[in-house]
Amino acid sequence: KARATLRWDHLNFFGSARHAGVETKWSSLDRGVKLDYTEPYFVSGHYSLNFEGRAWQAVEPVYSLRSLGGRASLRHQANSQSYWSVSLINEFQRSSITNAGLTDFSIRNNLIALGLDPRGTARGTTGAVAFDVNRNTTNNLLDANQGYVLSGHLEQAGKWLWGTFNYWEVTAEARQYTRVARSFVWANRVHIGTIDALGGNASVPFFKRYFLGGASSIRGWGRFEVSPLSGFGLPIGGLSMLEGSTEIRKPLFGKLGGVAFFDFGNVSDRSLHIPTSLVYAAGPGLRYLTPVGPA
C-alpha cells in the first residue's frame with residue numbers, strides 16, 4: 001500500500017541556533033505527527049531547553065497503540081563531562097492486542113520491546129517529574145578504553161501530580177574502563193534500580209517494569225528471560241533489579257576485536273528489594289568497530 005513521510009527542520013529558528021522540527025507520517029499501519037524544539041541558550045550558555053510532543057497511532061495486525069503527549073526538559077551542562085536535567089512528562093497511552101497475538105507466544109518478546117503489556121489491554125496517563133545526572137570522563141563516546149561514566153535517574157509520577165499511575169523510581173549506573181598491558185581493556189558495569197508502586201502493581205505502567213537478558217544484558221540468557229514469571233511461566237517484569245558485567249577486550253586485527261565476559265544479575269517482583277540470588281553468564285565474543293559504535 002501507500003506510505004508518505006514528511007520531515008521539516010529549521011536549524012536556526014528565529015536565530016541563535018534554535019532548532020525546530022516537525023515529522024509526520026501516514027500509512028495503513030501507523031500515522032501521526034512529532035514536534036521538537038530546542039533553545040540552546042536559555043538564560044545562560046550553560047542551560048538549554050527542549051520540548052518534544054507527539055500524537056501517534058499504530059494499527060498492526062496483532063496490536064494497536066495510541067499515544068499522545070510529550071515532555072519539556074531543562075538541561076544544565078556544567079562542562080564537557082558533566083550535566084544534569086529536569087523533565088516534566090505528560091504521556092497518554094492506550095494499547096490492545098488481538099486474540100491471535102495473546103495466544104502466539106513467539107511474538108511476546110516483540111510486544112514487550114514495544115512497551116506493550118502482552119497480557120491484554122492497557123490504558124493510562126503518566127504525569128511525572130524526572131531528574132537525571134551524568135558524568136562522563138571516557139576518552140571515546142563510542143568505544144571507550146579509559147575513564148568512567150556515572151549516571152543517576154529519579155522519577156516521581158502521580159501523587160501530587162496528575163495521571164493514572166502513581167510511583168517513584170530510582171536507578172543508578174556506573175561504567176569503568178582501564179587499559180591493561182597496553183593492548184587489553186578491562187571494562188566493568190553495574191546497574192541498579194527500583195520502583196516503589198504507591199498503591200499496588202497497577203500503579204506502575206507495564207513499560208516501566210524491569211526485564212533482563214539478551215544481547216546487551218546477561219548474555220547467554222534469552223531476551224527478557226530474566227524476570228519474575230506469571231502463573232503460566234511467562235516473564236511479566238519486576239520492580240527491582242541488579243545487573244552487572246566485567247569483561248576483557250583485545251583488538252585482534254583491523255577493526256575486529258575479541259572479548260571474554262562474565263555477566264550477572266536478577267529481577268525482583270518487590271519494590272525496594274535488590275535481588276541477592278543472581279543468575280550468571282560467561283563466555284567469549286567478537287566486536288567489530290563500525291562508524292556508529294561497536295557491533
Side-chain angles (χ1 to χ4, degrees), residues 18-19 34-54 67-93 115 124-138 141 144 147-176 189-212 216-217 237-244 265 267-268 270-274:
R18 298 179 181 92
H19 172 256
K34 301 177 183 178
L35 308 171
D36 59 90
Y37 172 79
T38 300
E39 179 76 40
Y41 302 101
F42 182 72
V43 180
S44 75
H46 290 289
Y47 289 91
S48 62
L49 192 62
N50 177 258
F51 296 94
E52 298 176 359
R54 59 181 289 157
S67 58
L68 175 66
R71 66 174 58 202
S73 300
L74 175 66
R75 172 167 166 155
H76 179 268
Q77 186 85 39
N79 49 53
S80 61
Q81 297 180 335
S82 304
Y83 76 84
W84 58 260
S85 67
V86 178
S87 302
L88 178 63
I89 305 165
N90 181 48
E91 297 176 346
F92 169 79
Q93 180 173 304
T125 300
T126 303
V129 172
F131 176 78
D132 292 272
V133 61
N134 182 280
R135 178 167 175 79
N136 188 334
T137 67
T138 58
L141 293 178
Y148 64 87
V149 180
L150 299 175
S151 61
H153 174 79
L154 174 64
E155 183 174 324
Q156 167 72 66
K159 204 170 182 178
W160 52 275
L161 294 165
W162 64 92
T164 310
F165 304 111
N166 189 13
Y167 65 88
W168 63 263
E169 177 188 27
V170 178
T171 64
E173 184 177 29
R175 297 173 181 254
Q176 184 266 338
R189 179 175 68 95
V190 175
H191 188 198
I192 190 172
T194 188
I195 301 175
D196 190 0
L198 306 175
N201 288 347
S203 298
V204 180
F206 183 84
F207 59 81
K208 294 294 295 185
R209 300 179 72 88
Y210 298 129
F211 295 85
L212 297 178
S216 59
S217 169
L239 298 178
S240 298
M241 66 89 180
L242 169 67
E243 68 165 324
V267 180
S268 170
R270 295 162 53 189
S271 299
L272 307 174
H273 180 260
I274 303 303

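- At least one side-chain heavy atom of Leu150 sits less than 4.5 Å from a side-chain heavy atom of Tyr148.
- Heavy-atom neighbours of Phe131 CZ from other residues, nucleotides or ligands within 6.0 Å: above the threshold of 12.
- Separation of atoms CH2 (Trp168) and CG (Leu272) is listed at 5.0 Å; rounding is to 0.5 Å.
- Residue Ser240 comes nearest to Thr194 through the heavy atom pair OG-OG1, 2.8 Å, listed as atom of the first residue, atom of the second, then distance.
- For the pair Val149 and Arg189, the minimum side-chain heavy-atom distance is 4.5 Å or more.
- Two residues are said to be in side-chain contact when any heavy atoms from C-beta on lie closer than 4.5 Å; Leu242 and Tyr210 fail this criterion.
- The structure places CD1 of Ile192 at 11.0 Å from CD of Glu243, a figure rounded to the nearest 0.5 Å.
- Taking 4.0 Å as the cut-off between side-chain N and carboxylate O, Arg175 and Glu173 count as a salt-bridged pair.
- The OH atom of Tyr37 lies 10.0 Å from the CG atom of Asn50; values are rounded to the nearest 0.5 Å.
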Set out, in order, the CA-CA distance, both residues' side-chain angles and the distance that settles side chain to side chain donor-acceptor pair (under 3.5 Å) for Tyr47 and Glu39, then state yes or no. CA-CA 9 Å; Tyr47 289 91; Glu39 179 76 40; over 6 Å; no
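- When side chains are defined from C-beta on, Arg54 does not count as touching Glu91, because their heavy atoms never get closer than 4.5 Å.
- Minimum interatomic distance between His191 and Thr171 (heavy atoms only, all atoms of both residues): NE2-CB, 4.2 Å.
- Using a 4.5 Å cut-off on side-chain heavy atoms (C-beta onward), Ser271 and Leu239 make contact.
- The backbone N or O of Thr125 lies less than 3.5 Å from a partner atom in the side chain of Thr164, making a donor-acceptor pair.
- Here Thr126 contributes atom OG1 and Arg71 contributes atom CZ; the two are 10.0 Å apart, rounded to the nearest 0.5 Å.
- In this structure, Ser85 and His76 have side chains that are not in contact, with every pair of non-hydrogen atoms separated by 4.5 Å or more.
- Asn166 has its side chain within reach of Gln156: a pair of non-hydrogen atoms, C-beta onward, lies under 4.5 Å apart.
- When all heavy atoms of Phe165 and Val204 are compared, the closest pair comes out as CD2-C, 4.1 Å.
- Taking every heavy atom of both residues into account, Ala78 and His46 meet most closely at O-CE1, 3.5 Å.
- To the nearest 0.5 angstrom, Ile89 atom CD1 is 10.0 Å from Leu161 atom CG.
- Within a 6.0 Å sphere centred on NE2 of His273, other residues, nucleotides and ligands contribute more than 12 heavy atoms.
- Ser48 is not listed as a side-chain neighbour of Gln77, based on a closest heavy-atom distance of 4.5 Å or more.
- Rounding to the nearest 0.5 angstrom, the gap separating the OH atom in Tyr83 from the CG atom in Asn136 is 9.0 Å.
- Listed here is the closest heavy atom pair of Leu212 and Gly265: CD1-C, 4.4 Å.
- Side-chain polar atoms of Ser151 and Asn134 form no donor-acceptor pair below 3.5 angstrom.
- The minimum heavy-atom distance between Glu169 and Ile195, with the atom names listed, is CG-CG1, 3.7 Å.
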